[in-house]
Structure formats: structure tokens, C-alpha cells
Amino acid sequence: MMRIILLGPPGSGKGTHGKRLAEVLKAPLIATGDILRHAIAEGTRLGMAAQEDVKSGRLVADATILGIIETRLEQKDAQSGFIMDGFPRTTAQADGLAALLGDRKIDRVVNLVVANDVVVNRLRERWLCGSCGAIYNLSSAPPRVEGICDVCGGKLTERADDRPETVRARLEVYERETSPLVAYYERQGVLRNVDASGPAATVYAAIQDALGRAAV
Ligand code: AMP
């Protein structure tokens, strides 16, 4: 099993492709955004602490996120491999991850490359299932019945942070805090760039190439 990180701005397809890879590879998907949204919906202490940052598109503190990851990596299903979506997002988080993994190395970092205007348009049309987290796009991947999840019948909602003004803030945060990770993982020789601007099937095929066809 592989240890894989999906890197890329909001709307680059980390969630969509991460979910599919997790199914195909039978590896756990560790998505910090999903964990935070779940905590917020449940009203846990973590959720209450993170709520304002998530709503406004700011990053949650590194120490908080590393605490979540440490607990998650201790679980049995994450011992031999995982797919990470939305983590790490800062160099401090990447250093923290390396320290938690010790001599277990990251095998691949797939960098999903897409222009900002494409992302802004995609996020304007993104809907999520509130129950199972399935992701839809009103023009390119609409649900069969409007407002209802194809997978579980749950109700579809828009993410509060997908509003255009919040998306712009998230893109700035990505540029400033997260994009240095491209060079960080390039130096380690594990980074592969993938053009993520096309349709999902094309992007997924390119991700398979980046991971090595044998693996997927
Ligand atoms: P995402 O679903 O990955 O777009 O994450 C949604 C929001 O959750 C982000 O805009 C941040 O506020 C927060 N978040 C998710 N992952 C992280 C992380 N690794 N570090 C800091 N904040 C995060």
C-alpha cells in the first residue's frame, strides 16, 4: 500500500479523486477538511474551536491539525498506507507529518495543477452530500435528482466557504501558505505534477500515470 498526498488549490479535485483512489486502493482517505466539517456539525470542542477559521477560509492552527493527524495515524487502518487530502497545508505541517511517520516515507505527492479562474467556476457549482460527503458539480457531474445524493439519498448542500469572496481568500492562503510545499516535496523527489483542468476522467487517468499504473 502507498502513502499518498494530494496537493492542489481548493477545487482542484483532491476530494473527488481522493475518494475514488481510496476505494480503488482500499486505503483510508484522511481529509482534514472533512474531519473539521464533521466536528463542526457535531458541535464538538474541536468543531467549536475551528468553526470561525473554516467559515472564513483561514487555516486552522498547525498544532490543532497535527493533533488530529497524530490520532488518525495511530489507527490500525492507517498503518501501511493512506491518501491525504487537504493535509499538509503548511511547511510546519509537512515537517510534523515527517516526524510522526519516522522512517515510513511518503511515496508520492500528486500536485493537481489548475488555474484560479477554473477553480472559482468549479466551486460556484459544487454541491456536497451532507450525509456521505459525495461531491457533485451542477454542470459537469450533476446528481440524477436535483438536490438529492445519488449514492445515499442524502440532501445536497453548498459549502459555506464556497462563496466567491471566501474562495478568493482561500486561494490567497493556498498561494502563500501551501504552494511552498510543491518545492518541498520536489526536493524529496516524490512530487508529480498533474494537469487538473480537464474533465474528471482525464484527470484521474493522469493521476494513475503519476502513481505508476501498477499501483492503481
Ligand atoms: P478543505 O475541505 O480541505 O478545503 O478544507 C476546508 C477548510 O478547513 C480550510 O479552508 C481550512 O479552514 C480548514 N483546514 C482543512 N485542512 C486544514 C489543514 N491541513 N490546515 C489548516 N486548516 C485546514
Side-chain angles (χ1 to χ4, degrees), residues 3-19 21-22 28-42 44-73 78 82-101 106 109-112 114 116 118-120 122-130 132-137 156-182 184-185 196:
R3 285 180 279 272
I4 298 167
I5 292 172
L6 298 177
L7 196 63
S12 58
K14 300 186 299 297
T16 299
H17 298 299
K19 284 186 177 61
L21 282 174
L29 177 67
I30 303 180
T32 41
D34 287 348
I35 294 171
L36 292 169
R37 277 185 292 279
H38 185 73
I40 292 169
E42 298 282 302
T44 66
R45 189 190 297 211
L46 166 68
M48 295 204 289
Q51 189 155 285
E52 272 311 305
D53 286 335
V54 172
K55 208 172 115 195
S56 56
R58 286 190 300 266
L59 292 187
V60 174
D62 289 334
T64 306
I65 297 290
L66 281 167
I68 295 174
I69 292 293
E70 180 169 16
T71 310
R72 186 63 188 87
L73 287 179
F82 49 72
I83 293 144
M84 288 186 165
D85 155 11
F87 173 88
R89 257 179 159 94
T90 63
T91 315
Q93 291 181 15
D95 287 341
L97 174 62
L100 287 172
L101 289 177
I106 297 296
V109 177
V110 177
N111 180 32
L112 298 172
V114 59
N116 284 0
V118 175
V119 158
V120 173
R122 268 187 199 167
L123 295 186
R124 199 174 282 148
E125 308 206 305
R126 172 159 81 175
W127 287 73
L128 287 190
C129 174
C132 75
I135 303 166
Y136 297 88
N137 181 286
L156 302 185
T157 52
E158 284 182 285
R159 269 174 58 169
D161 58 349
D162 277 348
R163 270 188 237 102
E165 62 278 14
T166 316
V167 167
R168 272 191 291 278
R170 287 161 65 205
L171 286 169
E172 277 169 30
V173 168
Y174 180 81
E175 198 49 46
R176 192 174 62 240
E177 308 279 352
T178 310
S179 69
L181 292 180
V182 173
Y184 180 104
Y185 286 116

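Predicted, not measured: the structure shown is a model, and the values here were computed from it. We count ligands from 1, going down the list as the structure has it; atoms in each ligand are counted the same way.
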Going through the checks in order, is the side-chain contact (heavy atoms from CB on, under 4.5 Å) test met by Trp127 and Asp162? CA-CA 9 Å; Trp127 287 73; Asp162 277 348; over 6 Å; no

Exercise answer, ligand 1 polar atom pairs (N/O) under 3.5 angstrom:
| unit_1 | atom_1 | unit_2 | atom_2 | d |
| --- | --- | --- | --- | --- |
| ligand 1 | 2 (O) | Arg37 | NH1 | 2.9 |
| ligand 1 | 2 (O) | Arg37 | NH2 | 3.0 |
| ligand 1 | 2 (O) | Arg159 | NH1 | 3.2 |
| ligand 1 | 2 (O) | Arg159 | NH2 | 3.3 |
| ligand 1 | 3 (O) | Arg89 | NH1 | 3.0 |
| ligand 1 | 3 (O) | Arg89 | NH2 | 3.2 |
| ligand 1 | 4 (O) | Arg89 | NH2 | 3.3 |
| ligand 1 | 4 (O) | Arg159 | NH2 | 3.0 |
| ligand 1 | 5 (O) | Arg89 | NH2 | 3.4 |
| ligand 1 | 12 (O) | Arg58 | O | 2.5 |
| ligand 1 | 16 (N) | Thr32 | OG1 | 2.8 |
| ligand 1 | 16 (N) | Gly86 | O | 3.4 |
| ligand 1 | 16 (N) | Arg89 | NH1 | 3.0 |
| ligand 1 | 19 (N) | Gly86 | O | 2.9 |
| ligand 1 | 19 (N) | Gln93 | OE1 | 3.0 |
| ligand 1 | 20 (N) | Gln93 | NE2 | 2.9 |
| ligand 1 | 22 (N) | Val60 | N | 3.0 |

To the nearest 0.5 angstrom, please state how far the OG1 atom of Thr16 sits from the CG atom of Leu6. 10.5 Å

Could you tell me which residues satisfy side-chain hydrogen bond (donor to acceptor under 3.5 Å, both in side chains) with Thr90, sequence neighbours excluded, listed by chain and number? Asp62

Gap between atom CZ of Phe87 and atom CG of Leu181 - 0.5 Å precision: 9.5 Å

Kindly check if the number of other-residue, nucleotide or ligand heavy atoms within 6.0 Å of CZ (Arg163) is above 12? no

Scanning both residues in full, the closest heavy-atom pair of Glu158 with Arg126 reads CG-O, 3.9 Å

